[in-house]
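Have a look at the structure below before the remarks.
Just so we're on the same page: letters track the sequence lines, and every chain starts at 1. Any value given below was found using the heavy atoms of this structure, including those in side chains, with hydrogens, waters and symmetry copies removed. Because the structure is predicted, anything quoted here is derived from the model rather than measured.
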Amino acid sequence: MRLSKYFLPILKETPAEAQIASHRLMLRSGMVRQASAGIYSWLPMGFKVLRKLENIVHEEQQKAGHIPLLMPTLQSADLWRESGRYDDYGQEMLRVTDRHGRDMLYGPTNEELITDIFRSSVRSYKDLPLTLYHIQWKFRDEIRPRFGVMRGREFFMKDGYNFDLTEADALHAYNRHFVSYLRTYERMGLKAIPMKADTGPIGGDYSHEFLVLAETGESEVFYDASVTDMTFGDRAIDFSDHAALQSIYDEWTTPYARTDETHDADLFAKVPGTAQRTSRGIEVGQIFYFGTKYSEPMNAVVIDESGERVPVHMGSHGIGVSRLVGALIEANHDENGIIWPEGVTPFHAGIVNLKQGDTDADAACEGLYQGLLAKGLEPLYDDREERAGAKFASMDLIGLPWRVTVGPRGLKNGVVELTSRRTGESEEMSPQAAIDRIAQIYGRA
RNA sequence: CGGGCUAUAGCGCAGUCUGGUAGCGCGUUCGUCUGGGGGACGAAAGGUCGUGAGUUCGAAUCUCGCUAGCCCGACCA
């Protein structure tokens, strides 16, 4: 993309309403624009990042054997009356009435709809296990939306639901989500720590929240420092192997890691003093096993081997995709702007032409641009008639991980400069070497 | 929902107390010079002062109502 042809409304000054770094930077870098309280338009670059995250979530879910579908945003109130949640949910649920006077609602979550889909089509235990998910806009009419997309009223979320014959199978589904979530966040360049979560009135031990450590996080978290060193890495996973997934689950849940909701001071005291950490975290996902809570009242049953009608065991599992954009920025920025991890960056590299209109500089930039495109990469070429300082400031603000700087001075010696946004370190090399290096970084060599 | 606050040009703000021609910086447009970290000079465009009513010869300014938004708290992916 050539910046002169793109729509990237960068702001030099920070809009007054933005308090935290991610919100400020998203507004300044032209990623989003507030439409009304807690509701945002996603401008081209923000939309690009959102789509990248969505794709990663889709890929990792499908690797785990989970099946995508798409449910609507507007739902009939009838299903919610059936589960008993129409009255329980309160004012957080946006209720609307259609022209026939029917009660509708903008879905805050989808347990009822998915259960209805399931029960109308599945009759036999032979159709289990089944895990369906979708990534769709949700609406929760928060009393006080804030922090930009981190706590909006309208938000984009992946929510998945497993249907299993037995508790043991459902817990395997729980582990599948646990492991696939670890992989998902790691691919995004995020350190998200699974923490034992509050299960609310249902009880049991089976809920974990995934938290990204950040000063601006909403929850206070307590953990053993060793969890921050754990990486999932590239290991091969057989998602149908119960024992293998259980051992990964055990591995990750052994070190102490809890939010203030489930914090146990006595247990925490047993963590070696030097490893005890207290911090703040942003919740970016949660997994939950809730047994037959919805299947019983909504009559989601299958016939088991002995011919008995039994309610299915279910769980629900969410990843806040739009929130992740904010969380990523909270975890990856400095005083000059965003620093995108390679896995989610809106463009793979920026090309800065220091002297637009200079024959050599223009030609070199064009060569770099075409060369990167040919490698299957998306460069952002700053071909505006701006001075060097303005171009550098823009690039730092939008935070592409790699920048190629092209100017007459370097070209005299046949070199351009490749700079890491994260470390600020630069290296001079030929244009072709820069193309090859960037391609290698992104595995497109 | 309780408490605090804001609304004036695309963005950041002054002007309101004490009523009298609506301003500044950034950004935008044009020109000249410049050219490796938000450059200089010159010119220009851009405003129902959130909204409705009232007071007044006259309202951005005073009064009352309404709306929208922000911050702190309780609540939440």
Once you round it to whole Å, what is the distance between C1' of B/G36 and CG of A/L411? 12 Å
State whether the distance check finds a donor on one side and an acceptor on the other, under 3.5 Å, for side chain A/E13 versus base B/G25. yes
C1' atom, B/G23 versus B/U63: distance in rounded Å? 26 Å
B/C11 and B/G69, which share atom name C1', separated by this distance in whole Å: 16 Å
Taking atom P in both B/G47 and B/C41, compute the distance separating them and give it to the nearest angstrom. 26 Å
Which nucleotide in the list B/G38, B/C70, B/C71 gets nearest to the side chain of A/E17? B/C70
Go through the N and O atoms of the side chain of A/R140 and the base of B/C75, and report whether any donor-acceptor pair is under 3.5 Å. no
Start at the 5' end of RNA chain B and walk down; is the nucleotide closest to A/G285 or to A/G38 reached first? A/G38
When the distance from CZ of A/F392 to C1' of B/G35 is rounded to whole Å, what number comes out? 12 Å
Is A/A393 touching bases, backbone alone, or none of the nucleic acid, heavy atoms closer than 4.0 Å? base
Base B/G35 to side chain A/D358, donor-acceptor N/O within 3.5 Å cut-off: no
In this structure, which one of A/D382, A/T405, A/V406, A/L411 forms a side-chain contact (heavy atoms from CB on, under 4.5 Å) with A/L354? A/T405
Is there a Watson-Crick or G-U wobble partner for B/A60 with both distances under 3.5 Å, and if so, which one is it? none
Can you check the distance between B/U28 and B/A68, where both ends of the measurement are the P atom (answer in whole Å)? 34 Å
Considering only B/C1, B/C11, B/G38, which nucleotide approaches the side chain of A/I143 most closely? B/C1
What's the CE-P distance between A/M157 and B/C76, to the nearest Å? 15 Å
Can you tell me the base-pairing partner of B/A14? Count Watson-Crick or G-U wobble geometry only, both distances below 3.5 Å, and say none if there is no partner. none
Choosing from B/C11, B/C75, B/G36, which nucleotide comes nearest the side chain of A/E92? B/C75
Are any non-hydrogen side-chain atoms of A/H23 and A/R146 less than 4.5 angstrom apart? no
Separation of B/A74 P from A/D260 CG (nearest whole Å): 11 Å
Taking only side-chain N and O atoms of A/K12, does any of them lie within less than 4.0 angstrom of OP1 or OP2 on B/G27? yes
Suppose we call two aromatic rings close when their centres sit under 6.0 Å apart. Are A/F268 and A/F222 close by that rule? yes
Side chain of A/P15 - closest among B/C75, B/G36, B/C11: B/C11
Exactly one candidate in A/D260, A/I282, A/T259 meets side-chain contact (heavy atoms from CB on, under 4.5 Å) with A/V221; the answer is A/T259
Pair assignment for B/G42, Watson-Crick or G-U wobble, requiring both distances under 3.5 Å: B/C30
Heavy-atom check, side chain of A/I248 versus side chain of A/L182, under 4.5 Å: yes
Looking only at N and O atoms, is any donor in the side chain of A/R387 or the base of B/G38 less than 3.5 Å from an acceptor on the other one? no
Think A/Q34 has a side-chain N or O under 4.0 angstrom from the OP1 or OP2 of B/C70? yes
Whole-Å C1' distance, B/G12 and B/G52: 29 Å
Testing A/W252, A/F239, A/F210 for ring pair (Phe, Tyr, Trp, His ring centres under 6.0 Å) with A/F178, which one passes? A/F210
Remember a base hit wins even if backbone is also touched, and classify A/G152 as base, sugar-phosphate or nothing at under 4.0 Å, heavy atoms. base
May I have the distance from A/D88 (atom CG) to B/C75 (atom P), rounded to whole angstrom? 18 Å
Could you please name the partner base of B/G73, counting Watson-Crick and G-U wobble pairs only when both distances are under 3.5 Å? B/C1
Name the pairing partner of B/G65, where a pair is Watson-Crick or G-U wobble with both distances under 3.5 Å, or state none. B/U51
Please report, rounded to the nearest Å, how far the C1' atom of B/C76 is from the CD atom of A/E261. 10 Å
Take A/S36 and A/R323, find for each the nucleotide of RNA chain B with the closest heavy atom, and name the residue whose nucleotide sits nearer the 5' end. A/S36
Pick the P atom in B/C66 and in B/G2, then give their distance to the nearest Å. 14 Å
Can you measure A/E220 atom CD to B/C76 atom C1' for me and round it to whole angstrom units? 18 Å
B/U56 and B/C62, which share atom name C1', separated by this distance in whole Å: 10 Å
Within the 4.0 Å heavy-atom criterion, would you say A/G407 contacts the bases, only the backbone, or no part of the nucleic acid? base
Please state the C1' separation for the pair B/A22 and B/U61 - nearest whole angstrom. 12 Å
Could a donor-acceptor pair under 3.5 angstrom be found where the side chain of A/R144 meets the base of B/G4? no
Considering every strand and a 4.0 Å limit on heavy-atom distances, what is the contact class for A/E209: base, sugar-phosphate, or nothing? nothing
Side-chain donor/acceptor of A/E417 to base of B/G36, under 3.5 Å: yes
Find out whether the Lys NZ or Arg CZ of A/R95 is both under 6.0 angstrom from the six-membered ring centre of A/Y89 and within 45° of the ring's axis. no
Applying a 4.0 Å non-hydrogen cut-off, can you work out what A/R153 is touching in the nucleic acid: base, sugar-phosphate, or nothing? nothing
Donor on one side chain, acceptor on other, A/H263 and A/Y256, under 3.5 Å: yes
Starting from P on B/C71, measure out to CZ on A/R151 and report it in whole angstrom. 11 Å
When you get a sec, tell me which of B/C71, B/G69, B/G36 is the closest nucleotide to the side chain of A/T405? B/G36
Identify whether any heavy atom of A/D396 sits under 4.0 Å from a base atom; if not, whether one sits that close to sugar-phosphate; answer base, sugar-phosphate or nothing. base
Pick one: which of A/R85, A/E111, A/E82 meets side chain to side chain donor-acceptor pair (under 3.5 Å) with A/Y294? A/R85
Below 3.5 Å, does any donor atom in the side chain of A/R403 face an acceptor in the base of B/G37, or the other way round? yes
